[in-house]
S.K.: 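Have a look at this one.
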Amino acid sequence: MNIEEIEGIHTQSSLSMDDSALELVASFYTQLYERQLADDKPLHIRELDDAKRKLLAIPLDYFSLHGTTQQNNPYQIISVDIDGNFSTFSPELLGQNDEAYEKFILGNVHQTGFRSAIDGALFKKWYGEIQLGIHNCEEKCPYFSFCGGGVPANKYYENASFESTQTIQCKYSIQTPLEIIMSRLEEAFQ
Ligand code: SF4
């Protein structure tokens, strides 16, 4: 389940960067985390489990060395629609009505190879912008070591640019869960 996001035709969200909205979401995650800790067979909650895994298992310099995530690294995900059109990066982008990025369709499996698609102008422009977004995240965001530069679809639909950095999605799905787990760890080691 994803937390509500601005994407494609869903152009508005009831969530925002307002302090009151942030507090509500933080309180929701905190209660979920309390329930997880109290339960013998806890539910898997992706955002909290990811935050724990990143804090406890991934070296701090992992993303600085490797630089990318599944969604901002080409062909880690390949999305194919019912007509054979294919795309990569964030799966939600495939087929979205967007002239500038040709509906985010890199080719069709009946005519185009995945390898040859990366020689096309659309891939080069798109990949270059995503790379710049990762670079900007690394320069500006203290959470980069745990995140790797975020989700292209959210950057594009929230900020109108793949080169941008912070989104509501990363605030709620990456930063807030990390803060909650970190503060519990700090309490435990005081
Ligand atoms: S948390 Fe957001 S701003 Fe920070 S690196 Fe990730 S996508 Fe970029």
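Residues: numbered from 1 along the sequence shown. Read the numbers this way: they start at 1 and go in the same order the structure lists the ligands and their atoms. Any value given below was found using the heavy atoms of this structure, including those in side chains, with hydrogens, waters and symmetry copies removed.
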S.K.: Give the residue, atom name and distance (to 0.1 Å) of the protein heavy atom nearest atom 7 (S) of ligand 1.
M.R.: G150 CA, 3.4 Å
S.K.: May I ask you to identify the nearest protein heavy atom to atom 4 (Fe) of ligand 1, giving residue, atom name and distance to one decimal place in Å?
M.R.: C141 SG, 2.3 Å
S.K.: Are E5 and N154 linked by a side-chain donor-acceptor pair shorter than 3.5 Å?
M.R.: yes
S.K.: Counting from 1, what ligand 1 atoms have a heavy atom of Q166 closer than 4.0 Å?
M.R.: 3 (S)
S.K.: Would you call the rings of W126 and F104 parallel, tilted or perpendicular, taking 30° and 60° as the class edges?
M.R.: tilted
S.K.: Would you say atom 8 (Fe) of ligand 1 has C137 as a near neighbour, meaning an N/O/S atom of that residue under 2.8 Å away?
M.R.: yes
S.K.: Counting heavy atoms only, which of S164, P152, C147 is nearest atom 6 (Fe) of ligand 1?
M.R.: C147
S.K.: Judged by modelled atom types alone, do E4 and H10 share a side-chain donor-acceptor pair under 3.5 Å?
M.R.: yes
S.K.: Would you say atom 2 (Fe) of ligand 1 has C170 as a near neighbour, meaning an N/O/S atom of that residue under 2.8 Å away?
M.R.: yes
S.K.: Look at the rings of Y156 and Y101 and say which category their plane angle falls in: under 30° parallel, 30 to 60° tilted, over 60° perpendicular.
M.R.: perpendicular
S.K.: Consider only side-chain N and O atoms of Q166 and Q175, and report whether a donor and an acceptor are under 3.5 Å apart.
M.R.: yes
S.K.: Is a donor from one side chain sitting under 3.5 angstrom from an acceptor on the other, for S116 and D119?
M.R.: no
S.K.: What protein heavy atom is closest to atom 1 (S) of ligand 1, reported as residue, atom name and distance in Å?
M.R.: Q175 NE2, 3.4 Å
